[in-house]
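All ligand and atom numbering here is 1-based and tracks the order in the structure. Numbers here are sequence positions counted from 1.
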Amino acid sequence: MNEKAKAKSMANAQIQLNAGRRSFLKNSVLVGGAAAIGAISATPASASGEDVILQKQDWRTDLGDGVGTRPYGTPSSHEAHVIRRNVEWLTADPVSSVSFTPLHELDGIITPNGVCFERHHGGIAEIDPAAHRLMIHGLVDTPLVFTLEDLKRFPRENRVHFLECAANSGMEWRGAQLNGVQFTHGMIHNVMYTGVKLRDVLNEAGIKPTAKWLLVEGGDASAMTRSIPMEKALDDCLIAFKMNGEALRPEQGYPMRLVVPGWEGNMWIKWLRRIEVGDMPWQQREETSKYTDLMPDGRARRFTWQMDVKSVITSPSPQAPVLHGKGRLVISGLAWSGAGKVSRVDVSIDGGRNWQPARIDGPSFTRSVHRFYLDIDWNGEPLYLQSRAIDEENNVQPTKDALRAVRGVNSIYHNNGIQTWYVAKDGVTENVEVS
Ligand SMILES: Nc1nc2c(c(=O)[nH]1)N[C@H]1C(S)=C(S)[C@@H](COP(=O)(O)O)O[C@H]1N2
Ligand SMILES: [Mo]
């Protein structure tokens, strides 16, 4: 391993979870837009002192494995640090817990299946598809029971959507807490689903005119249920059986899950086994079946299904420090909105005093993440990096303080505040707040 690779794997090994730490750097060392941006100086990344090109490595002399030795491919062993991680103190038991997507290691817009964050309330159900059924009943003309093969005979659609848990960034309401984008923002993944329209399946059963709501239930040990309003069900929901081209992973609901584009992750019922059509939300019967946003006065927001416009810089970030010194620096991140497409992302390198438009690159799909870049010539002075997304409905991502002014700090849900990363002169990057 060369020096850079070593430094990088060390940075990965030393994930600091600054539990309980409050790194409020109020007005402290703001750099007032000092870091110069302009024409990128033509400094090649590292043109001197690298003799690696002259070395004779094993892989250049020894024959490699032949085809067929890896019937289902996995990433290079040098990428072994690119994994989901969990935060042990967060939940009492791993069967009702969450793991986080390693956002700082990914690029583009698609989350590879093996590192999609997971959130289970009763562990991973390992379902034999031949023994799995989906039942539709309640206010329908004909109750139906489908096999997976039955479902696959409806017309299919392919769509790329993000799934964000409503609790994503939930630990950051009171201040900068977790030192890594994986932990502050990693309860999101973005996948191309193949599935059938929920509308087609409901129409097959025939919905009664009084039907207004669906109760959807998972086939896992938690038998998780959620209420979905009929308008959403008939609009853009899918019953998906493929993710990124292959069968859903068990962690993501194999053999079938609900896709509820732009809405809270908890409504995307995995291991889907039952849809009951009704005339009122099931929350009115059992108050436990939804997430609740607690307001400062102790009241709760009621239905907050749609995920707000949000963005975050994934690199540099605490787990992805700047290792190369000043000069060319690629700032990159993700932006998304439950309302539709992201139309613009601004980036600030001085804690929100000055903003400039970032470059969105790659496909722009509705209710999907967008990848953005800002390429700068870093003068080596400290940076306070922020990103701010604006969606096609002109919703603007708020600062954390603006959000707190309205919602207080009692909630753990729907925190879409602007994130700040502090990049020190040596490239070490930390989760901080500025105001
Ligand atoms: N059956 C079932 N569906 C479920 C859950 C669950 O525990 N059981 N968790 C929900 C929650 S809270 C979230 S955020 C998403 C997470 O989806 P993922 O595990 O694919 O990331 O699944 C939702 N669907
Ligand atoms: Mo969730």
Cation-pi check, Lys152 onto Phe241 ring (under 6.0 Å, within 45° of axis)
yes
Atoms in ligand 1 with a heavy atom of Cys165 nearer than 4.0 Å:
14 (S)
Mind checking whether Asn266 has an N or O less than 3.5 Å away from an N or O of ligand 1?
no
Flag for Glu164-His185: side-chain donor and acceptor within less than 3.5 Å
no
Can you check which of Lys270, Glu251, Glu164 brings a heavy atom nearest to atom 19 (O) of ligand 1?
Lys270
N or O contact, Phe117 vs ligand 1, cut-off under 3.5 Å
yes
Geometric N/O contact Arg257 with ligand 1, under 3.5 angstrom
yes
Can you list the atoms of ligand 1 that are under 4.0 Å from a heavy atom of Trp268?
22 (O), 23 (C), 24 (N)
Atom indices of ligand 1, in the order listed, that fall short of 4.0 Å to a heavy atom of Gly218:
1 (N)
Hey, is the main chain of Pro250 close enough, under 3.5 Å, to the side chain of Lys270 for a donor-acceptor pair?
no
For Phe154 and Phe146, take the angle between the two ring planes, folded into 0 to 90°, and tell me which bin it lands in: parallel under 30, tilted 30 to 60, perpendicular over 60.
perpendicular
Within ligand 1, which atoms have a heavy atom of Trp271 less than 4.0 Å away?
1 (N), 2 (C), 8 (N)
Atoms of ligand 1 less than 4.0 Å from His120 heavy atoms?
7 (O)
Please say whether the positively charged group of Arg388, taken as NZ for Lys or CZ for Arg, lies over the ring of Trp355, i.e. under 6.0 angstrom from the six-membered ring centre and within 45 degrees of the axis.
yes
Min side-chain heavy-atom separation Ile239-Leu151 under 4.5 Å
yes
Below the 3.5 angstrom mark, is there an N/O of His121, backbone or side chain, next to an N/O of ligand 1?
yes
May I ask you to check whether Phe117 and Phe100 place their ring centres under 6.0 Å from each other?
no
Are Trp336 and Phe365 close enough that their ring centers fall under 6.0 Å?
no
Under 4.0 Å from any heavy atom of Leu163, which atoms of ligand 1 are there?
17 (O)
